[in-house]
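Read through the structure below, which is laid out as structure tokens, and then see the notes.
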Protein chains: 2
Amino acid sequence: MTYDCFLFRRLFALFYRRRVPLPPPAGLILRLQLRLTDYNPKQMAIREKVFNIIISCFKRHGAETIDSPVFELKETLTGKYGEDSKLIYDLKDQGGELLSLRYDLTVPFARYLAMNKITNIKRYHIAKVYRRDNPAMTRGRYREFYQCDFDIAGQYDAMIPDAECLKIVYEILNELDLGDFRIKVNDRRILDGMFAVCGVPDEKFRTICSTVDKLDKMAWEDVKKEMVNEKGLSEDVADRIGEYVSMQGGQDLAERLLQDPKLSQNKQACAGLTDMKLLFSYLELFQVTDKVVFDLSLARGLDYYTGVIYEAILSQTIPALVSTPAEQNGADEAGVSVGSVAGGGRYDGLVGMFDPKGRKVPCVGVSIGIERIFSIMEQKASSEKVRTTETQVLVASAQKNLLEERLKLTNALWNEGIKAEVLYKKNPKLLSQLQHCEETGIPLVAILGEQELKDGVVKLRNVVSREEVDVPRADLVDEIKKRTL
Amino acid sequence: MTYDCFLFRRLFALFYRRRVPLPPPAGLILRLQLRLTDYNPKQMAIREKVFNIIISCFKRHGAETIDSPVFELKETLTGKYGEDSKLIYDLKDQGGELLSLRYDLTVPFARYLAMNKITNIKRYHIAKVYRRDNPAMTRGRYREFYQCDFDIAGQYDAMIPDAECLKIVYEILNELDLGDFRIKVNDRRILDGMFAVCGVPDEKFRTICSTVDKLDKMAWEDVKKEMVNEKGLSEDVADRIGEYVSMQGGQDLAERLLQDPKLSQNKQACAGLTDMKLLFSYLELFQVTDKVVFDLSLARGLDYYTGVIYEAILSQTIPALVSTPAEQNGADEAGVSVGSVAGGGRYDGLVGMFDPKGRKVPCVGVSIGIERIFSIMEQKASSEKVRTTETQVLVASAQKNLLEERLKLTNALWNEGIKAEVLYKKNPKLLSQLQHCEETGIPLVAILGEQELKDGVVKLRNVVSREEVDVPRADLVDEIKKRTL
């Protein structure tokens with residue numbers, strides 16, 4: 001390999017995820033450096049399948065869809081993501097407005113509602129978002145990835161749209177067949193009330209909330225240490241929090257906590273607990289309570305949540321996935337811990353930040369951690385053959401000089417709506433035509449020969465069984481449709 | 001309106017296309033300044049319909065799909081677009097590689113093939129591309145828009161994949177039902193041969209090609225003036241070009257030109273004309289020659305074409321569209337003149353530019369000018385009501401205190417795969433429930449009342465005819481499916 005050629009390959013390798021297998025140690029290091037990726041046809045076929053399941057679910061629930069530019073005015077994104085703002089991609093100032101690439105789909109949605117004075121909508125939005133590598137981060141992650149959001153905006157009676165969001169997560173995870181899962185639910189008002197009655201000073205609510213959020217990755221002892229040593233809580237206060245955040249349950253737990261001598265004195269907590277009870281009664285009607293847990297340790301990272309929050313976690317971990325960039329990205333994507341595949345909550349204040357008069361539009365939504373789901377599906381399909389086309393039939397011939405007849409028949413099939421291919425060779429060998437079918441999973445071959453042309457028939461061959469039958473030309477389309485339902 | 005509020009609205013108005021109607025003169029000026037746009041649910045529904053037609057066609061022809069990041073290494077794009085390179089969006093150097101936003105889908109495709117050593121593939125790619133405003137341009141255009149590309153890469157027998165690309169354009173424009181159209185075809189080798197025999201110096205081929213490309217917008221007299229006055233051709237040479245570029249025909253014209261005393265002496269021209277004859281013989285088999293014209297004035301802008309080129313033009317102009325930014329963008333998008341809705345050609349050299357050893361992969365492809373098609377479809381639908389959801393039934397009640405029953409029934413319908421909605425109110429009025437159906441086009445209402453619950457039935461109402469019938473609960477799903485096929 002010449003030096004130039006080596007440099008060229010390094011450049012590509014650094015920039016794009018390599019598709020060729022690499023020996024483990026070098027490969028791992030390389031993969032961790034790679035933060036952008038093309039998707040090949042097999043990956044796209046898997047993605048299409050996942051998208052279809054998710055979009056069908058959103059449509060079953062009556063959602064419309066919108067799209068927004070990948071650019072947002074830099075100001076639109078400023079002050080919405082806390083310290084993650086450093087991950088925002090800015091465009092070069094080439095004369096014109098200062099633009100950034102969207103960081104998520106929630107802020108553009110809130111901006112869209114305010115700008116168009118929309119006060120109620122149920123919409124989904126599936127699109128790519130962009131995050132710069134944090135140079136301090138040791139683990140790699142993609143800088144471009146899909147988000148897949150469903151949100152309900154509008155002033156409605158309490159907990160009905162919130163319950164529907166949870167029903168949607170349940171339906172999607174069931175249909176994707178990713179194994180057992182749980183959906184943790186909590187409420188920011190319950191957390192705040194809990195902090196208040198434990199004796200956390202008001203100004204420390206958010207930072208203690210972030211520490212609680214680490215409970216899914218850290219033991220209580222370590223979380224407590226952080227509260228005491230880094231965040232300056234007294235041991236007493238931390239222990240009181242510790243008691244609450246170990247609690248898990250359902251409607252019963254909400255009822256019990258409403259009787260809790262301390263929490264019941266806190267207005268915020270009571271409002272949250274009353275809504276939690278109501279939420280569970282709706283979840284009961286939606287038949288999803290077998291997977292939903294009221295978990296006081298769930299905090300979630302983002303500042304903008306104002307009420308119910310939730311997060312779905314797969315029970316089964318897939319070992320082969322651990323420590324691949326995609327997996328970490330998947331986790332990052334929904335802003336939640338490894339293992340989490342969906343998350344969301346109620347954010348009643350965000351739209352008001354974009355309205356000149358501060359008019360609020362209550363919103364609740366969920367983001368499906370689709371990149372992590374793709375990784376899992378790819379992993380599951382890694383040994384399988386996945387079809388990347390939908391071709392029903394290849395028009396072939398065993399003899400020479402039949403290109404025109406092949407093209408004519410292919411054209412007739414296209415005109416009838418049949419998905420058909422023909423090799424772009426004048427005189428391809430029958431073997432290479434059959435091989436093409438086997439490689440790409442085309443189930444049928446329509447074979448033309450002098451005899452078939454004379455008889456007005458086509459020899460229809462089943463690629464797998466190798467069984468052949470003469471089909472009259474007039475019946476061919478129906479026969480192909482029947483066999484490839 | 002306060003000044004702050006005014007500033008705020010100006011800012012938004014400048015950046016995003018406004019959805020609110022504006023009085024004509026102010027509105028027009030404003031629209032011309034706006035170069036980014038959200039898509040509302042109605043627009044998205046139209047887009048989805050267009051995408052479905054196009055993707056179905058691509059799949060019918062056996063194409064797979066790939067995706068690439070919106071970022072490309074700045075170097076990848078450098079030197080591919082000639083003077084249009086100034087329209088490339090660069091990302092801010094925030095530490096790391098220098099990145100740009102993709103300018104089209106063809107260069108990333110070529111880069112992908114070279115990087116993955118793929119020598120044959122039939123793929124489509126539908127994605128957004130980015131172009132900076134040219135500050136010198138007086139007419140606005142969107143800075144983000146979809147491209148919709150279909151390409152066949154591989155070493156095949158001449159003109160077979162090229163003919164399929166034209167068949168695809170024909171099928172798509174037919175199905176989209178945009179009125180009559182023509183597909184102009186030419187070949188770069190014929191153009192070059194023609195320039196040579198007319199006496200154009202070699203080094204002026206490309207610049208004269210650009211001038212010829214203007215023939216669809218300018219009269220021959222003006223094109224000739226540019227050739228003579230700006231490009232320095234003699235009148236004689238220009239007149240000889242003028243004779244050729246006025247020629248239009250089909251296979252017969254290719255045959256006639258093969259007998260042309262001058263052109264027949266040029267190797268390039270002969271190769272192009274022989275292929276043109278062959279192409280038309282395949283187009284005959286594909287039954288598309290009624291719309292295809294061999295037109296010697298077709299030149300197309302991009303440098304990388306090496307063989308057949310083509311462009312589809314709608315016959316019917318839609319007056320209301322003229323001079324909207326979207327329309328100009330649509331035209332720009334395929335890099336062709338106003339009226340053009342698809343274009344493409346053969347580019348056998350591009351992949352080799354990305355391969356370390358310069359290995360070539362012959363490619364031919366077509367780009368559907370989808371933004372222009374969206375504009376036309378939106379225009380056609382502007383007075384129509386377009387459904388933005390697919391909801392089949394709204395679960396409603398006429399009486400109070402039936403929320404639980406409504407949720408239960410809605411849940412049962414979701415579980416059976418029925419697209420169902422329910423208003424998020426405890427006690428909505430029947431009128432507002434019916435209004436919701438009328439506004440959003442939901443065809444059926446499933447009405448629950450005390451009596452219906454007692455009888456084990458649901459009152460199924462047809463929203464349009466207002467006809468109501470009691471359906472036993474057990475038959476409801478089948479009845480809804482039957483009525484909303």
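Order of the sequence lines fixes the chain letters, A, B, ..., with proteins taken first and strands second; residue numbering starts at 1 for each chain. Scope of the values below: all heavy atoms of this structure, side chains included, with no hydrogens, waters or symmetry mates.
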Query raised in the report: In Å and rounded to the nearest 0.5 Å, what is the CE to CZ distance from A/Met44 to B/Arg123?
Result: 10.5 Å

Report summary line: Smallest heavy-atom separation, B/Glu171 atom then A/Trp414 atom, equals OE2-CB, 3.6 Å

Query raised in the report: How far apart are the closest heavy atoms of B/Glu64 and A/Thr389, and which atoms are they?
Result: CG-CG2, 3.7 Å

Query - Chi angles and distances behind the side-chain hydrogen bond (donor to acceptor under 3.5 Å, both in side chains) call for B/Asn415, A/Gln287 - result: CA-CA 10 Å; B/Asn415 290 351; A/Gln287 299 174 295; 3.3 Å; yes

**Report entry** Nearest heavy atoms of A/Glu404 and B/Leu285, plus distance in Å
**Finding:** CA-CD1, 3.8 Å

Query raised in the report: B/Arg387, B/Lys425, B/Lys408: which one forms the most heavy-atom pairs within less than 4.5 Å of chain A?
Result: B/Lys425

Query raised in the report: Checking B/Tyr124 against chain A: side chain, backbone, both or neither under 4.5 Å from a heavy atom?
Result: side chain

Query raised in the report: Among A/Thr440, A/Leu394, A/Thr388, A/Thr391, who wins on heavy-atom pairs under 4.5 Å with chain B?
Result: A/Thr388

Query raised in the report: Can you name the closest pair of heavy atoms from B/Glu144 and A/Val70 and give their distance?
Result: OE2-N, 3.0 Å

Report summary line: Closest non-hydrogen contact found for B/Leu407 with A/Tyr282 is CD1-CD2, 3.5 Å

Query raised in the report: Within a strict 4.5 Å, meaning less than it, do heavy atoms of the B/Asn427 and A/Asp157 side chains meet?
Result: no

Query raised in the report: By a 4.5 Å heavy-atom criterion (distance strictly below it), what part of A/Leu413 contacts chain B: side chain, backbone, both, or neither?
Result: neither

Report summary line: Rounded to the nearest 0.5 angstrom, the CG-CG distance for A/Asn116 and B/Asn40 is 7.5 Å

Report summary line: When the 4.5 angstrom heavy-atom criterion is applied to A/Lys42 and chain B, the contacting part is neither

Query raised in the report: Roughly how far, to the nearest 0.5 Å, is the CG atom of A/Leu101 from the OH atom of B/Tyr130?
Result: 8.0 Å

Query - Ion pair B/Lys59/A/Glu48, N-O distance below 4.0 Å - result: yes

Query - Heavy-atom side-chain contact between A/Arg60 and B/Ile418 under 4.5 Å - result: no

Report summary line: To the nearest 0.5 Å, atom CD1 of A/Ile66 lies from atom CD of B/Gln43 at 11.0 Å

Requested in this report: Give a yes-or-no answer on whether the side chains of B/Glu164 and A/Tyr424 include a donor-acceptor pair shorter than 3.5 Å.
Outcome: yes

Requested in this report: Could you tell me which portion of A/Gln392 (side chain, backbone, both or neither) has an atom closer than 4.5 angstrom to a non-hydrogen atom of chain B?
Outcome: neither

Query raised in the report: What option among A/Thr410, A/Val422, A/Ile118, A/Leu403 has the most heavy-atom pairs under 4.5 Å with chain B?
Result: A/Leu403

Query raised in the report: Should B/Tyr89 and A/Leu99 be marked as a side chain to side chain contact (heavy atoms under 4.5 Å, CB included) after you check the CA-CA gap, both sets of side-chain angles, and the distance that decides it?
Result: CA-CA 11 Å; B/Tyr89 258 116; A/Leu99 300 174; 3.9 Å; yes

Query raised in the report: What part of B/Ile442 is in contact with chain A, defined as an atom under 4.5 angstrom from a non-hydrogen atom: side chain, backbone, both or neither?
Result: neither

Report task. Heavy-atom distances under 4.5 Å only: say whether A/Gln155 touches chain B with side chain, backbone, both or neither. Result -> backbone

**Report entry** B/Asp38 bridged to A/Arg111 by N-O distance under 4.0 Å
**Finding:** yes

Report task. Evaluate side chain to side chain contact (heavy atoms under 4.5 Å, CB included) for A/Lys128 paired with B/Lys128, printing each intermediate quantity in order. Result -> CA-CA 11 Å; A/Lys128 288 173 173 178; B/Lys128 288 174 173 178; over 6 Å; no

Query raised in the report: What pair of heavy atoms forms the shortest contact from A/Ile121 to B/Pro41, and how long is it?
Result: CD1-CG, 4.2 Å

Query - Stepwise side chain to side chain contact (heavy atoms under 4.5 Å, CB included) check, A/Lys419 with B/His61 - result: CA-CA 6 Å; A/Lys419 293 168 190 153; B/His61 287 261; over 6 Å; no

